[in-house]
Amino acid sequence: MTIQNHPARRTRRTALWLAVTPLALTLAACSPAGQTASTGPVEKQGGTLTYLDAEASRSTQLQGAGTWQDSAYVENVTDRLIWKDPETGELAPYIAESWEVSEDGLTYEFTIRPGVTYSDGTPLDAASVQRNLQWQAEGDEAKGIQANNQFPAVESVTAEGDTVTVVLEHPYAEFLDVLSGWSASLVADATIEASLEEQQQITGLIGSGPFVVESETYGEEIVFAQREGYDWAPEGVGHEGEAYLDKVVVRAVTDDTVRIGTFRSGQADAIRYIQPSDETQLAEQGAQIISAQGLGATNQWVLKQQIPALQDVRVRQAIQNGIDRERIVEDLYTENWDVAQSIVTQDAFGFKDQSEKLQYDPDHANALLDEAGYTERDAEGYRLKDGQQLHLVTVIDVYDSTARPLYQLVQAQLKELGINLELRDADYSQVSAAYAAEDVAATRSGWPYPAPWATLRTSWDPEGTNGFALPSGDPALEELFEAQATETDAAAREEILGELQDHVIDEAYTVPLIKDSQIFAVQPTVHDFGFSAEARPLFYGAWTEEK
Amino acid sequence: MAGRAGHALLVVALVYLLTYWVLFALPGDPVRNRLENPQNPVPPEQAQVIIEYYNLDQSAVEQFFITLGRLFQGDLGYSLGTGRAVGELFAQGIGSTLLLALVAFGIAVLIAALVAVFAVFSRSAAVRAVLTVYPSLALSTPSFLVGLFLLQVFSYQLGWISALDTDGPAGVILPALTLGIAVSPSVTQVLIQGLGEANDQPFVKVLKAKGLSRSRIIGRHLLRNGSIPALTLLALTIADLIAGSVIVESVFNRAGLGLVTEQAVRSQDSPVVLAVVLFVAALYSVVNLIADLIYPLIDPRIVITESRVAQHPARGRRLRVRKGPS
């Protein structure tokens with residue numbers, strides 16, 4: 001994961017809402033931009049951090065696909081077997097003090113750290129870990145709880161003394177990475193035994209993490225309190241013992257203007273989700289703007305081949321070279337954003353730079369389209385082949401508020417090539433149906449997750465979800481996914497993953513666009529606002545000057 | 001009275017039935033969205049387990065009777081998206097929203113009365129002209145803008161009220177003012193017209209001739225006379241209050257029914273939407289019933305004729321005004 005922290009810069013744009021309210025012009029005077037003199041030792045212990053998220057908590061049931069915000073809360077309340085270093089992507093001890101993987105990659109032995117307890121007082125011992133892993137691998141049919149779909153097929157999980165042994169049916173190279181992810185968080189028996197409905201609510205989540213859920217008012221706030229006696233943080237976080245903060249109050253403020261206004265007036269300590277146009281302004285007023293880029297899949301545009309035009313590799317390649325990604329980042333975003341260099345982020349295991357092949361090259365793109373037979377143009381300048389216009393439909397991503405301008409820019413760039421990209425709107429309730437519509441040619445996908453290859457395989461495997469909608473499969477792709485999963489030698493696996501990336505990009509199955517950035521604004525009085533490898537905020541090491 | 005109540009019940013039942021089928025006909029629900037999430041698709045055999053858990057594999061009719069059966073046992077079900085009991089969501093939201101709506105209603109009545117009285121009776125033509133514009137001005141200003149403006153001034157600038165405080169009386173004032181302004185225009189407009197018409201009636205001259213003071217004429221006679229149409233409309237305002245609370249609560253982060261509704265509609269969380277519809281339909285019917293009962297108190301000439309209701313259920317309400325001097 002990468003974190004960028006940019007100090008104040010000059011204004012480029014004035015946010016719209018400032019323009020509509022003349023009163024706001026005097027606002028700068030009331031901004032919380034105090035000078036923070038660092039004189040002498042500062043008392044870190046104590047205080048409350050008020051954090052405003054852009055969305056309300058929906059469900060914290062671990063195996064069910066949680067939302068971005070929910071996974072962040074889970075990470076602060078629970079611990080995991082393995083720690084993934086956000087800086088290096090390396091795996092390190094956490095609740096598992098150590099582990100051993102057999103030569104054949106089938107048997108995993110974890111030694112569980114002694115003395116850890118859940119917040120309800122029950123022990124987090126080998127027996128508990130065994131129960132958690134079993135539950136993750138199988139789900140709970142009677143309760144409508146699915147298995148963790150990143151988990152490998154597990155033959156057995158046994159506990160003896162302080163050791164938990166997992167035997168897999170087939171080798172699964174990313175198993176340890178999966179165990180470091182939020183959905184594999186360890187929870188007390190009380191949570192596993194609870195009904196699905198109770199598990200979906202954060203108050204039903206009993207973990208061993210540095211914070212406990214004190215209370216929740218649906219849609220309004222969640223109060224996290226410091227877990228007294230917490231003493232088992234992974235070494236990598238650079239802090240041990242209890243969290244510094246007494247409390248973290250999380251409020252869901254869905255309106256962007258209200259969220260920023262509340263932060264600006266000093267009524268909140270940190271906020272998530274800021275429009276690129278607001279970043280500069282907040283930075284100028286003294287806020288720390290933190291951009292966290294999580295490890296995992298990059299934001300990409302998956303090209304669906306149930307559309308006949310996209311079954312021609314030249315058309316797909318033309319799109320890949322016809323989108324000026326540098327320009328998109330420059331025009332729409334700030335320096336807190338980057339173009340994607342491959343289907344995964346640089347810090348993901350096996351990353352291989354594909355930038356060369358993704359270069360903006362309109363001449364090449366036009367030549368490819370000519371070659372593909374789209375030589376004629378209609379009155380509007382769109383390319384024709386056999387009288388058919390090169391017309392593609394996409395659905396504007398509903399999960400990202402910067403998606404509309406992004407798609408409009410792509411639309412304009414493709415128009416230059418003679419491709420008519422139709423943008424379609426969807427709302428949250430119908431998003432899955434809208435994405436799945438037969439005439440949709442491209443959908444956006446790819447978010448941080450510590451085991452990106454497992455996620456990508458789930459989405460792309462022609463035998464499974466078949467995300468590229470390959471009309472007759474792709475044995476080579478299947479083979480590469482299979483080979484990387486079962487390869488036990490790291491160097492050899494890296495080689496295979498390199499081939500996999502080459503294959504996917506050469507075939508132009510997908511167009512990597514940007515790296516997913518989560519932008520946070522944090523008051524200057526707040527320090528050491530940390531992040532997990534998936535770019536979720538960790539409140540554990542954070543402290544505030546205001547008590 | 002019994003007929004009227006039966007009529008109200010029928011309306012509620014029909015609205016419930018209709019809403020159920022509309023929701024069912026729409027594509028997508030939170031469970032399917034989760035299972036078919038392009039980010040994290042659930043393999044088919046796993047998905048089947050979950051679909052069965054929620055009875056989503058059953059036919060529409062079967063699902064309807066399951067839902068209805070639970071409803072008669074007082075069970076509103078669980079939110080498909082958040083796992084929260086719908087009853088709990090209501091219990092949490094209702095107090096907050098009723099308080100907001102009640103204060104907003106009071107504010108709307110106050111605004112309407114003040115604006116209308118001065119718009120009709122002010123001696124200054126300029127004041128009359130300016131105030132007559134108020135309804136269309138208030139109507140054309142989106143309430144989220146009003147809310148943001150109030151927050152900007154009183155919370156961000158002056159720092160009098162915390163934008164995050166939703167519990168104390170201070171936390172209610174700004175959202176209630178926003179909502180009050182949002183629902184005031186129609187009532188104000190009708191009251192202005194009603195008062196204007198009443199003012200033109202011959203009996204006003206008689207009263208003036210009798211030597212009654214201007215304020216007494218306005219207060220005792222004109223307001224009573226001119227406010228009947230406005231009162232009818234006020235009952236309709238209840239729908240505006242509920243609808244308006246959706247926007248106001250999301251701007252001011254109040255976790256009331258409005259926010260619950262917004263979240264539920266956004267994800268098509270049918271058990272929650274159904275319960276909201278049931279509640280609003282019931283509330284609406286009750287308020288209309290009460291309004292009917294209040295008319296005779298304001299204007300004794302009005303009597304409610306029960307028999308006509310039975311003959312014209314579609315019209316719902318028949319008022320007969322006895323001829324004669326007031």
Side-chain angles (χ1 to χ4, degrees), chain A residues 17 20-21 23-24 26-27 30 50 56-59 61 64-65 139 141 143-147 149 195-201 217-221 251-255 257-258 261-262 264-265 267-268 302 399 427-433 435-436 443 445-447 455 458-459 464-465 467, chain B residues 26-30 32-43 46-47 49-54 78-79 81-85 88-89 92-93 96 144-145 147-149 151-153 155-157 159 162-164 166 249-256 259-260 262-263 265-269:
Chain A
W17 72 284
V20 298
T21 315
L23 274 161
T26 53
L27 194 71
C30 326
T50 305
S57 167
R58 289 194 60 75
S59 168
Q61 205 290 316
E141 202 162 312
K143 288 190 196 141
I145 289 167
Q146 69 192 71
N149 61 16
S195 68
L196 169 65
E197 285 76 19
E198 282 169 82
Q199 289 186 35
Q200 284 182 302
Q201 297 171 52
T217 313
Y218 168 70
E220 227 169 66
E221 70 171 17
R251 299 205 49 130
V253 179
T254 48
D255 188 286
T257 315
V258 176
T262 308
R264 220 173 237 177
S265 66
Q267 296 174 45
V302 173
Y399 298 106
D427 61 25
Y428 283 93
S429 57
Q430 280 142 19
V431 62
S432 62
Y435 277 7
T443 54
S445 148
W447 261 259
T455 336
T458 314
S459 319
T465 317
Chain B
L26 290 174
D29 61 66
R32 302 239 180 222
N33 274 353
R34 175 155 58 93
L35 300 177
E36 291 158 17
N37 183 345
Q39 290 305 314
N40 196 6
V42 176
Q46 287 281 339
V49 171
I50 295 158
I51 286 169
E52 280 167 25
Y53 178 84
Y54 286 106
Y78 286 88
S79 152
T82 66
R84 286 168 176 83
E88 270 171 43
L89 285 177
Q92 184 204 300
S96 165
F144 74 86
L145 213 61
L148 289 178
F149 180 79
L151 272 177
Q152 183 68 253
V153 175
S155 180
Y156 307 154
Q157 291 281 312
S162 158
L164 298 176
T166 48
E249 284 179 0
S250 108
V251 170
F252 288 93
N253 281 296
R254 297 174 63 82
L259 189 109
V260 168
E262 192 246 316
Q263 294 280 327
V265 169
R266 203 170 89 155
S267 59
Q268 242 176 70
D269 201 335

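Chain letters run A, B, ... following the sequence lines, proteins first and then strands; every chain starts at 1. Here the structure is a predicted model, which is why all the values come from computation and not from measurement.
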Below 4.5 Å from any heavy atom of chain A, which atoms of Ile51(B) appear? Answer side chain, backbone, both or neither. neither
Contact origin within Phe252(B) toward chain A - heavy atom pairs under 4.5 Å: neither
For chain A, which candidate among Leu89(B), Asp29(B), Val260(B), Leu26(B) shows the most heavy-atom pairs at distances under 4.5 Å? Leu89(B)
Measure distances from Ala436(A) to the heavy atoms of chain B and classify the residue's part below 4.5 Å as side chain, backbone, both or neither. neither
State whether the side chain of Ser79(B) and the backbone N or O of Thr82(B) hold a donor-acceptor pair below 3.5 Å, judged by distance alone. yes
Specify which of Thr217(A), Leu196(A), Asp255(A), Thr262(A) makes the most heavy-atom pairs with chain B at under 4.5 Å. Thr262(A)
Just give me the residue among Arg32(B), Gln263(B), Arg266(B) that pairs up with chain A most often, heavy atom to heavy atom, under 4.5 Å. Arg266(B)
Treating Gln200(A) as the side-chain partner and Arg84(B) as the backbone partner, does any N or O pair qualify as donor plus acceptor under 3.5 Å? no
Contacts of type salt bridge (Lys or Arg N to Asp or Glu O under 4.0 Å), residue Arg251(A), not counting sequence neighbours: Glu221(A)
Relative to chain A, which of Leu164(B), Ile50(B), Leu259(B) shows the most heavy atom pairs under 4.5 Å? Leu164(B)
Can you tell which of Glu198(A), Gln199(A), Glu141(A) has the highest number of heavy-atom pairs within less than 4.5 Å of chain B? Glu141(A)
Could you pull out the closest heavy-atom pair between Glu197(A) and Gln201(A), with the gap in Å? O-NE2, 3.3 Å
Does Tyr156(B) reach the main-chain N or O of Val258(A) with its side chain, forming a donor-acceptor pair under 3.5 Å? yes
Of Ala47(B), Ser250(B), Ala163(B), the largest count of non-hydrogen pairs under 4.5 angstrom with chain A goes to Ala163(B)
If I compare all heavy atoms of Gly147(B) with all of Val251(B), which pair ends up nearest, and what's the gap? C-CG1, 4.3 Å
Part of Leu151(B) within contact of chain A (heavy atom distance under 4.5 Å): side chain
Are the side chain of Gln92(B) and the backbone of Tyr218(A) linked by a donor-acceptor contact shorter than 3.5 Å? yes
Taking Ser155(B) for its side chain and Gln152(B) for its backbone only, find out whether a donor-acceptor pair lies under 3.5 Å. no
For Ser195(A), which atoms come within 4.5 Å of any heavy atom of chain B: side chain, backbone, both, or neither? neither
